[in-house]
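The structure under discussion appears below in the form of structure tokens.
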Amino acid sequence: MKFRYLFLTIAVCLLASCHKADTFTIEGNVQNAKTLYLEELTPEGPLFIDSIKVASDGHYSYTYKMPYPTFYYLHASERDFVVLRPQYGEKVIVNADGANFQGTYSVEGSPESELLWDFQDITNAGIDIVMDLGKTDQENRSTLGEGTEAYKAAKAQTDSIFFATYMSQRDYAERFIHEHSGKLASLIVLYKLFIDDPNLPLVRSKEDFFLYEEVLEGLSKELPDNPHTINFKHTVDRMRLINESGAQVIDIDLNENE
């Protein structure tokens, strides 16, 4: 009988272990929000998963069975969201103010999600600088007069700061990709690097294409069967054909599934 109970105990433990191995838990404290929303970012686009109730004290917790290594959007509102990249078995702790979710959130317990948090922090700093530059330019235009030499000098200064900010963020993104090309997080950084500014084409020159090749090489080694890797390979193959044809490489959608 003792052996029988021992066998049952082991079986229960194994089942519990298997259940934990294919799930992740997200929890934390979020003020100024009654509900959070969780979406999976599939290769085809966002897929709604569930709403998460936030208690009166701000605490929330949610466990989800992850079908394969992928990304998740955690929303406080439709346009205010953060990107998470949990691993199996992780407890991802996300704290934030729901009134400015992306600008105030912190994450721990998930190394790849923390990498994306660091990158978002750098991105937020750049956005703040660009917003301030826009206000300064409007003030200069109003007070100095558009077309005047004084305004042209001021505009040259704000343009210089904008370019330096862009290049700083680009350098950071390139270092990120060099260090983490085998991680899915590199796709998010690559996407932001070339798409966030609508005035910039996705790939401005064929020289930029090496970053796409580098990410694909890393993912093909680490996650060759992952749907994101397979979808990204389609994108890179298409871009490679455009490069070989001599056409300008612009306006390629990373989420396009051919």
Side-chain angles (χ1 to χ4, degrees), residues 23-67 69-87 90-135 138 165 169 172-173 176 184-200 202 228 253-257:
T23 66
F24 72 93
T25 297
I26 180 170
E27 65 177 46
N29 190 282
V30 172
Q31 299 298 314
N32 298 313
K34 295 182 179 180
T35 306
L36 299 177
Y37 304 93
L38 187 66
E39 290 181 309
E40 178 191 342
L41 178 56
T42 74
E44 291 76 30
L47 175 66
F48 177 75
I49 294 174
D50 207 348
S51 57
I52 304 171
K53 181 175 176 57
V54 179
S56 58
D57 63 355
H59 182 264
Y60 70 94
S61 181
Y62 186 82
T63 298
Y64 181 68
K65 185 175 180 179
M66 184 161 51
T70 186
F71 304 101
Y72 292 90
Y73 286 163
L74 186 64
H75 287 259
S77 62
E78 182 180 1
R79 296 186 179 276
D80 194 4
F81 64 90
V82 300
V83 185
L84 304 174
R85 168 59 190 103
Q87 304 279 1
E90 285 183 344
K91 179 183 287 187
V92 188
I93 300 173
V94 179
N95 299 320
D97 184 339
N100 180 16
F101 200 65
Q102 190 177 94
T104 62
Y105 92 106
S106 65
V107 61
E108 59 182 289
S110 175
E112 204 161 339
S113 298
E114 291 174 32
L115 285 175
L116 289 173
W117 173 39
D118 290 339
F119 180 69
Q120 184 62 55
D121 199 37
I122 296 294
T123 300
N124 288 343
I127 290 173
D128 289 342
I129 292 173
V130 171
M131 294 283 286
D132 287 342
L133 288 174
K135 293 177 182 178
Q138 287 183 347
T165 301
Q169 297 221 338
Y172 179 91
F176 187 107
L184 285 178
S186 62
L187 285 177
I188 298 295
V189 174
L190 189 66
Y191 184 86
K192 283 182 172 290
L193 176 61
F194 289 110
I195 297 181
D196 263 8
D197 186 344
N199 296 315
L200 294 173
L202 179 59
H228 289 286
D253 186 357
L254 286 178
N255 285 323
E256 179 173 299
N257 187 20

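Numbers here are sequence positions counted from 1.
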ask   = Would Glu39 and Leu47 satisfy side-chain contact (heavy atoms from CB on, under 4.5 Å), going step by step from the backbone distance to the final call?
value = CA-CA 5 Å; Glu39 290 181 309; Leu47 175 66; over 6 Å; no
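- In this structure, Tyr37 has its ring center no closer than 6.0 Å to that of His75.
- One finds the CD atom of Gln102 at 5.5 Å from the CG atom of Asn124 (value rounded to the nearest 0.5 Å).
- In plain terms, the two heavy atoms of Glu27 and Ser61 that are nearest each other are OE1-OG, 3.5 Å.
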Chi angles and distances behind the side-chain contact (heavy atoms from CB on, under 4.5 Å) call for Val83, Tyr191 = CA-CA 13 Å; Val83 185; Tyr191 184 86; over 6 Å; no
inquiry  = Please determine whether side-chain hydrogen bond (donor to acceptor under 3.5 Å, both in side chains) holds for the pair Asn95 and Tyr105, giving the CA-CA distance in whole Å, both sets of side-chain angles, and the decisive distance to 0.1 Å.
reply    = CA-CA 6 Å; Asn95 299 320; Tyr105 92 106; over 6 Å; no
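- Annotation: the span from Leu84 atom CG to Ile26 atom CD1 amounts to 5.0 Å, rounded to 0.5 Å.
- Separation of atoms CZ (Arg79) and OG (Ser77) is listed at 9.5 Å; rounding is to 0.5 Å.
- Inter-residue side-chain proximity for Ile188 and Phe71 is flagged as met; some heavy-atom pair is nearer than 4.5 Å.
- Rounding to the nearest 0.5 Å gives a distance of 4.5 Å between CD of Glu40 and OG1 of Thr70.
- Within the 4.5 Å cutoff, the side chain of Val94 has no heavy atoms near those of the Leu36 side chain.
- The shortest side-chain heavy-atom distance between Lys91 and Pro86 does not fall under the 4.5 Å cut-off.
- With hydrogens and angles ignored, the 3.5 Å screen pairs a side-chain donor or acceptor of His228 with a backbone N or O of Leu41.
- Residues Pro111 and Glu90 come closest through the heavy atom pair CD-OE2, 3.2 Å.
- In this structure the side chain of Ile52 never reaches within 4.5 angstrom of the side chain of Tyr64, judged on heavy atoms.
- Between the side chains of Gln31 and Asn29, at least one donor-acceptor pair of N or O atoms lies under 3.5 Å.
- For the residue pair Gly98 and Ala76, the shortest heavy atom distance occurs at O-CB, 3.8 Å.
- Within the 4.5 Å cutoff, the side chain of Thr35 has no heavy atoms near those of the Val54 side chain.
- Looking at Leu116 and Val82, their side chains never come closer than 4.5 Å, going by heavy atoms from C-beta outward.
- The side-chain heavy atoms of Glu108 and Trp117, taken from C-beta on, include no pair separated by under 4.5 Å.
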query = Thr63 and Thr23: side-chain hydrogen bond (donor to acceptor under 3.5 Å, both in side chains), yes or no, with the steps?
reply = CA-CA 7 Å; Thr63 298; Thr23 66; over 6 Å; no
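- For the pair Ile93/Val107, no side-chain contact is recorded, criterion being any heavy-atom separation below 4.5 Å from C-beta on.
- A distance of 12.0 Å separates CD1 in Ile127 from CG in Asp132, rounded to the nearest 0.5 Å.
- Between Tyr72 and Phe24, the distance separating the two ring centers is shorter than 6.0 angstrom.
- The CZ atom of Phe101 lies 11.0 Å from the CZ atom of Phe81; values are rounded to the nearest 0.5 Å.
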